[in-house]
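Following: one structure in C-alpha cells, then a few remarks.
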Amino acid sequence: MSLLEAEHVKAYYRVREGFVKAVDDVSLHLDRGVIMGLAGESGCGKSTLVNTLMLNIRPPLYLIDGRITLDGNLLSKMDKQTLKKKVWGVLVSIVPQSALNALMPTQKIIDLIKDIVHAHTDISDSEIVSMSRRRFEELNLPVEALNMYPHELSGGMRQRAVIAISTLLNPKLLIVDEPTSALDVSTQKQVLKLLVDLRKAKIIESMIFVTHDIAVLRQIADRIAIMYAGKIVESASTDDILYNSKHPYTYGLINAVVTPEPEVRKRGLISIPGEPPNLLKPPSGCRFHPRCPYAMDICRREEPPLVEVGEGWTVACHLVASGRR
Amino acid sequence: MLLEVKNLTKIFTVGFLRRKEIVAVKDVSFNVKESEFVSLVGESGSGKTTTARMILRLLRPTSGSVVFRDRDVWSLRTLNDLRWYWRQVHGIFQDPFASFNPLYKVDRVFYQVFTLLGDNDVDKESLVNEALKEVGLRPEEVLGRYPHELSGGQRQRLMIARCYLLKPKLILADEPISMIDASTRAGILQLFSKLRDEYKTSIIFITHDLGLAYYVSDRVLIMHKGSIVEEGSPEEIMEHPQHPYTKRLREDVPLLYRKWSGF
Amino acid sequence: MSPIMRFILRRVGFLFLTFIVFMLIIFALPRAIPGNPLSTLLSQLFQQAQANPELIKAVYKRLMDEFGVGKPVHIQFIDFISRTLRGDLGTSIAFYPRKVGEIVAAYLPWSLGLLIPATLTSWIIGNSLGALAGYKRKSAVDNLMLPVFLTLSQTPYYWLAMILLYVFAVNLGVFPIGGAYSSGRIPSLTFEFIADVLSHYILPFLSIVLSAMGGWAIGMRVMVIYELGADYINYADSLGLPDRKLLRYVFKNSMLPQITGLALSFGTILGGSLITELVFNYPGTGYLLFRAISTLDYPLIQGVFILLISTLLLANLIVDFVYAYIDPRIRTGYLGE
Amino acid sequence: MVSQLIRDLLRIKKFDLSVAIFSSILIIGLVGPIVYEVDPVKMIGPPEQPPSEKYPLGTDSYGRDLLAQLLHGIRNSIYIGLTAAAISLAIGVTIGALSGYRGGVADSSLMLITDVVYALPSIMLMMLIAAYLKERNPIFVALVIGVTSWPWVARAVRSQMLSLKSRDFIYMSRMAGLSDIKIIFEDLIPNMASYIFMAFVLLMSGAMIAEAGLSMIGLGVTRGVSLGIILYWAQLLESVRRGIWWWFIPPGACLVALATSLLLLSTALDEYFSPRLRGG
C-alpha cells in the first residue's frame with residue numbers, strides 16, 4: 001500500500017475577483033521509501049499542492065474537494081486540532097520555503113524543540129535534550145547549535161537545523177518546499193546530502209521535494225511529477241522524465257535546463273515560449289495549449305485525460321492519448 | 001581595449017563612533033574587448049554587484065579606476081559627459097520589477113533615454129516599437145501598462161529593449177535572469193547574444209550560475225570574497241580549474257546528466 | 001566587554017548627551033529670546049517684593065550671580081551644569097528665599113506616585129487588550145475594541161479627567177472633588193489617612209490609565225497581527241504546536257518593541273499627567289509648574305523641567321536594562337551594534 | 001492611477017468615516033463663524049447660562065457666547081494643527097531625506113541629533129519654549145509645536161529613503177542621465193507620498209492635542225480662542241466643580257473627534273498601503 005494517496009484534490013484561493021485554481025483536480029500516489037520531486041514553473045501551484053497534501057492551509061486558501069489519505073489516516077476529514085495533535089510533526093512534517101525565518105527568533109533552538117516534542121509526547125526535558133543531541137550528532141550537525149539562538153547560526157546551518165527539527169519525531173513523510181533557492185551551491189549540496197541521509201538512516205520513509213530546478217531533482221529524486229497551471233501533467237521515474245519524457249511541457253522544461261555539461265552545450269539553449277497562465281482564468285482544454293508547439297484543435301476544446309503509459313508512468317496529453325507520441 | 005578595470009576596491013564603513021570596515025571588492029582588475037562576452041561568476045556576497053555598480057558609475061570606488069575608451073569614468077563630471085558614458089555603457093539588473101518605478105507606465109524607461117541619444121528629430125514612437133519587436137514583444141501588449149501588470153519575463157525584455165534602443169558598446173547585466181523561470185531564461189539570454197552578434201556590443205554577464213556562464217561566455221572570471229580568483233575560457237575553467245574555490249564550485253553545481261557520488 | 005555591557009554603556013553615554021543637550025536648551029532659551037531674560041525677572045521681582053528694598057537688593061544680587069552676568073557664555077554654561085549636577089537649581093522668585101530644588105522635591109513624589117503606577121498599569125492592560133484584539137482580528141471583540149482604543153488614544157487625559165470628575169465626584173459624589181488628601185488631615189501612616197489618599201488617587205489614576213491605554217492597545221494589536229503572519233509561527237503551527245504556545249510566542253515577540261516604546265512614552269504620559277494634576281488640584285509638579293508659569297517664576301520653571309527630564313532619562317535607563325536583559329539578540333550582540 | 005486609487009480608498013469604510021467626520025467639523029469651523037456672527041470674546045448676555053434657544057451652547061462666567069467660542073476655536077485649532085504639522089513635516093522630511101540620501105557621516109550626525117531630540121519629550125520642550133514667549137499668537141504656538149515634534153518623521157522618512165535609494169529604478173533613472181533634482185522629484189518623493197501624507201495626518205492630530213495641552217497649562221495663544229483656550233478658561237474658573245458641563249464638554253468632544261478621525265484616516269491608509277494588515 002502506498003504511503004500517501006490523494007484523489008481529485010482541488011484547492012482554491014478566494015480573491016475578490018473569484019477563485020484562483022492553484023490546485024485543480026490533482027491525484028497523486030506516493031509509495032513508501034520513495035523520494036518524489038515536484039517540478040514546474042513558479043506560480044504553477046507546486047507549493048500550494050504540497051501544503052494541501054498535509055492540510056496545512058489557511059484562508060484565503062480552501063480545500064474545495066478531494067480525498068487525502070496518509071498512512072491509513074483520512075486527513076481530508078480531520079479538523080485542525082486533530083491534525084495538529086496526531087499528524088503534523090509526527091506523521092508528516094514540512095520544511096517550509098522560508099526556512100531561514102522559520103525559527104522562533106527569541107528562543108534557543110533547544111527550547112523550540114522542547115515545545116514541539118511536548119506537543120506530541122510526554123518525555124522529560126532531559127530526555128529531549130539527549131535525544132536532540134543524539135540526532136544532531138547522527139546528522140553531522142554541530143551539537144552546540146542547540147543552545148544558540150537562530151540569529152547566531154549561518155543561513156545554511158539554520159536551514160539544516162530546520163530539517164533536523166522537522167524530522168525529530170521520525171515522521172513517515174517529509175515535505176520539502178524549495179529549500180535551496182536562496183543558498184549558494186556548496187551549501188545547497190550540504191542540505192541535499194542531509195535530506196538523502198535522512199532516508200538512509202530510516203528517520204523518514206518518503207519525501208516530496210518541491211523545486212523549479214530539475215538538475216537538483218536529478219540528484220536526489222527517484223520519481224518526478226511535473227506540474228503545470230494547477231495540474232500534474234506527467235509523472236514517472238526520474239530516468240524516464242529525463243530521457244523519454246512524453247509531455248511537451250516536460251520536454252520543454254528539461255531542455256531549458258542549463259548546466260555546465262557538454263551535452264547541454266551541444267544541445268543548445270531552448271526555452272518554452274510565452275508565459276504561464278493566470279490561474280484566475282485558466283485556458284480552456286489543455287492548459288498548456290497556448291504555449292505548445294504541437295497543439296491541435298482538440299487541445300483547445302477538451303481537457304486531456306491522465307493516461308498510464310507504463311509502469312507508474314502517467315501523462316495527460318492528447319498527443320499521447322491519441323497515440324501520436 | 002574597450003574597458004579596463006584597474007585595482008578596483010570598495011570598502012564600506014559602517015557605524016559612527018565604532019567604525020567597522022567591510023571590504024566588498026578587493027583589488028579587482030580585468031579588461032573587456034570589443035564584442036566580447038565576459039562572465040563574472042560568484043555567489044551572493046562575493047562583491048559582483050558592487051563591482052557592476054562601480055563600473056556603471058553608480059557607486060564610487062574606494063580606490064582603483066574604471067577606464068572606458070581611455071577616459072577615466074570617475075573623472076567624468078558634467079551631466080553631458082555622464083550621458084555620453086551611459087549612452088555607451090548601460091546596465092540591466094536582477095529584479096525586473098524593482099527596475100521600474102511602480103508609479104509610472106513602463107513607457108517611461110524608453111522616453112527617459114532619448115536624452116542620451118541627443119537627437120531630438122527622431123520618430124521616438126517608431127524607434128521604441130522597433131526595439132520592442134527586436135526583443136519579441138508586441139508594442140500594443142506592453143506599452144501604456146504599469147509594471148505590475150506585466151510578467152517578470154516581459155519586464156526584463158523591456159529592459160533589454162531599452163538597450164536595443166541605445167545600442168551601447170557595453171552592457172553590464174547583473175543576474176538578469178536569476179529571477180526568471182528556467183523555462184523562459186534561454187529566450188532572454190539569446191537576446192544578449194543577438195546584441196553582441198548584430199551590433200558588436202560587449203557584454204559583462206554577472207551570474208551565480210556556472211552553467212550559464214559556461215554556455216554563453218568567451219571568457220569566465222570567478223569571483224570569491226571580493227577578489228577575482230581565476231580567469232579563463234569556459235572550457236579551461238570547467239575542465240582544468242586551478243583555484244580550490246573554482247574546483248568546489250564546479251563539483252557542487254548539480255548536473256542534469258551526471259549524478260553526484262554518495263547520493 | 002560583553003555585548004550587554006557595551007549596549008548599556010552606549011545607552012548611558014547617549015542619555016548623558018541628551019541631558020547635556022537639554023541643559024543647553026534651557027540655558028540658551030532665556031539668553032536667545034530677545035528682551036526677555038533679566039528684565040522680566042526683575043520686573044517680576046519688583047511686583048513681588050515692593051515693600052522691601054533690602055529684599056529686592058538681595059534677590060537681585062542672587063539672580064545676577066546665578067545668571068552669571070558678566071562672565072563669558074561658555075563659563076556661564078559650565079557653571080550652570082556644575083551647579084545643577086551638584087543639586088543646586090537656583091532660588092525661586094515667588095517663594096523667595098526658598099531653593100528651587102527643595103520646592104520641587106516636595107511636589108515630585110506626588111507626580112511620580114501618580115505617573116509610575118498609572119503608566120505601568122496602562123501598559124499592562126493596554127497591551128493585553130491589544131493582543132486580544134489582534135488575535136481575534138475582525139471578530140466582534142476586535143470590531144468593538146478598536147474604535148474604543150482609537151478614541152481613547154486621542155482623548156487628552158485632562159479632558160477625560162474633567163468628565164470623570166464631573167460624573168463621579170460632582171454628580172454622583174462617589175469620590176472627592178480634588179486634592180491628594182482631605183484638607184485638615186495631617187499626613188501620617190494611619191489607616192484612615194492612607195484610605196483618604198487612595199480615594200483621592202483613584203480618579204486621576206483612572207483618567208491617565210484609560211487614555212494612555214488606547215495607544216498601547218493599538219500598537220500591540222498591529223504587532224500581534226504582523227507576528228501572527230510571520231514565518232516562524234506558520235512553521236511552529238505546521239509542526240503541531242498548540243495554539244496557546246503559538247500565542248505565547250507571538251506575545252513575547254510583540255512585547256519586545258513595546259518595552260522600548262515604554263521608555264519613549266514616559267515623557268508624553270508625564271506631559272499629560274501634569275495637566276491632569278491641574279484638573280484635580282493634585283499637589284504634584286504639574287500643579288507647581290502651572291503656578292510657576294502664571295507667576296513667571298523662571299528659576300522654578302527651569303528647576304521643574306530639569307528634575308522631570310532627569311527622572312525621565314533615568315527611567316529610560318532602567319527600561320534599557322530590562323530590555324537588554326530580556327531580548328536575547330542584545331545579550332548575544334546581534335542588535336544594537 | 002490616481003482615480004483608481006481614490007476609488008479603492010472610497011471602498012474602505014474607515015476611510016469614508018474618517019473623512020466624513022473630519023471634513024464636517026472642518027466645514028463647521030470654516031463656515032460657522034461667517035454664518036453665526038457673534039463675537040466670541042465679548043460679553044453678550046448673563047453669565048453661565050445653560051444651552052437655550054438664545055444661546056445654543058450657553059454662556060461662560062463672563063457672559064460670552066460659547067457656540068461662538070467653539071466655532072472660532074475649531075477654526076483656530078485646525079489652523080494651528082495644519083501649520084504645526086506643515087512645519088514638522090518640512091523639518092522631518094528634510095532631515096530624514098538628507099540623512100538617508102547622503103548616508104555616511106552626514107547621516108550619522110543627523111540621526112544622532114534626531115535621536116537626542118526624540119528622547120526629550122516634545123510636550124516638555126514645547127512648554128519650556130512657550131514659557132519664554134510673552135506674546136503667543138497662533139503662528140508662534142504652531143512654530144513651537146512644529147519645531148519639537150519632527151524627530152519620528154525624520155526617522156521614518158530616512159528609512160523609507162534608504163530602502164528607495166537602493167531600488168534599481170533609481171539607478172535606471174540615473175543611467176538615463178536624469179539630474180539628482182529630477183530623480184528626487186520624479187522618483188523618490190512620489191514614492192514616499194502616501195507615507196508623507198500619513199505622517200502629516202498624524203502630526204496634525206498630535207499638534208491639535210498639543211495645542212490644547214499648552215493652553216491648559218497657561219501657555220496657549222495669548223489672544224483669540226482655540227479649543228484648548230476654551231478648556232483653559234473652563235478649568236481656571238472651576239466649571240467642572242460648579243457643574244457647568246456645557247463649557248468643557250463641547251470643545252473637548254470636538255478635539256477628540258478631530259484627532260480620532262485623523263488617526264482613523266491614517267489607520268485606513270496604513271491598511272491600504274501595507275498588504276499584510278489588509279488581508280484576511
Side-chain angles (χ1 to χ4, degrees), chain A residues 50-51 53-59 80-109 111-121 147-153 158 161-163 165-169 171 174-175 177, chain C residues 2-4 6-7 127 131 134-139 142 220 223-261 322-337:
Chain A
V50 289
N51 279 291
L53 288 178
M54 62 180 284
L55 272 298
N56 181 27
I57 53 181
R58 8 187 115 64
K80 187 166 179 192
Q81 291 318 313
T82 322
L83 283 166
K84 283 180 86 160
K85 185 89 191 124
K86 301 256 167 67
V87 180
W88 294 354
V90 192
L91 279 181
V92 53
S93 284
I94 188 162
V95 174
Q97 208 163 13
S98 49
L100 292 181
N101 305 317
L103 295 169
M104 163 77 177
T106 54
Q107 201 175 34
K108 289 179 180 166
I109 307 283
D111 292 321
L112 175 65
I113 291 180
K114 284 178 192 164
D115 284 347
I116 292 168
V117 178
H118 283 312
H120 301 288
T121 57
N147 275 312
M148 293 195 189
Y149 291 96
H151 62 261
E152 296 177 89
L153 306 176
R158 233 179 290 173
V162 167
I163 293 173
I165 293 170
S166 288
T167 53
L168 208 66
L169 295 172
L174 182 67
I175 290 172
D177 190 2
Chain C
S2 75
I4 206 162
R6 224 165 38 223
F7 172 79
N127 281 326
Y135 177 60
K136 302 236 174 215
R137 171 153 199 244
K138 298 208 158 154
S139 70
D142 182 33
M220 188 66 176
M223 283 302 304
V224 164
I225 291 173
Y226 265 93
E227 296 289 328
L228 272 176
D231 292 329
Y232 72 91
I233 288 297
N234 286 338
Y235 177 59
D237 186 37
S238 79
L239 286 177
L241 225 63
D243 288 355
R244 61 190 153 75
K245 264 277 156 50
L246 295 180
L247 264 185
R248 204 188 309 157
Y249 285 11
V250 165
F251 197 68
K252 184 175 180 189
N253 291 343
S254 315
M255 217 54 183
L256 291 171
Q258 296 294 84
I259 294 177
T260 329
V322 173
Y323 186 69
Y325 178 74
I326 291 179
D327 193 332
R329 285 168 290 196
I330 291 202
R331 249 178 290 153
T332 52
Y334 182 67
L335 285 185
E337 275 302 303

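Letters go in sequence order (proteins before strands), and every chain restarts at 1. Quantities reported herein were computed from a predicted structural model and do not represent experimental measurements. What you see below is based on every heavy atom in this structure, not just the backbone, and it leaves out hydrogens, waters and symmetry mates.
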How close do [X] and [Y] get, counting heavy atoms only, and between which atoms?
| X | Y | result |
| --- | --- | --- |
| C/Ser238 | A/Trp88 | O-CB, 3.1 Å |
| A/His120 | C/Leu239 | NE2-O, 2.9 Å |
| C/Tyr235 | A/Val162 | OH-O, 3.0 Å |

Salt bridge A/Lys80-C/Asp237, side-chain N to carboxylate O under 4.0 Å
yes
Taking atom [atom1] as the centre, does [X] end up with more than 12 heavy-atom neighbours from other residues, nucleotides or ligands that are less than 6.0 angstrom away?
| X | atom1 | value |
| --- | --- | --- |
| C/Arg248 | CZ | no |
| C/Lys136 | NZ | no |
| C/Lys252 | NZ | yes |

Does any backbone or side-chain atom of A/Ile165 lie under 4.5 Å from a heavy atom of chain C? Answer side chain, backbone, both or neither.
both
Does a side-chain heavy-atom distance below 4.5 Å link A/Leu112 with C/Tyr232?
no
Please table the atom pairs, donor to acceptor, closer than 3.5 Å between any side-chain atom in residues 92-106 of chain A and protein atoms at least two apart or in another chain.
residue  : atom : partner  : partner atom : Å
A/Ser93  : OG   : A/Ser166 : O            : 2.7
A/Ser98  : OG   : C/Asp231 : OD1          : 3.3
A/Ser98  : OG   : C/Asp231 : OD2          : 3.4
A/Thr106 : OG1  : C/Asn253 : OD1          : 2.5

Can you tell which of C/Ala236, C/Gly240, C/Pro242 has the highest number of heavy-atom pairs within less than 4.5 Å of chain A?
C/Gly240
Using a cut-off of under 4.5 Å for heavy-atom pairs, which of A/Lys85, A/Met54, A/Arg58 has the most such pairs with chain C?
A/Arg58
Which residues satisfy the side-chain contact (heavy atoms from CB on, under 4.5 Å) test with C/Phe251, sequence neighbours excluded?
C/Ala131, C/Met220, C/Met255
C/Leu256 portion near chain A, given a 4.5 angstrom heavy-atom threshold
side chain
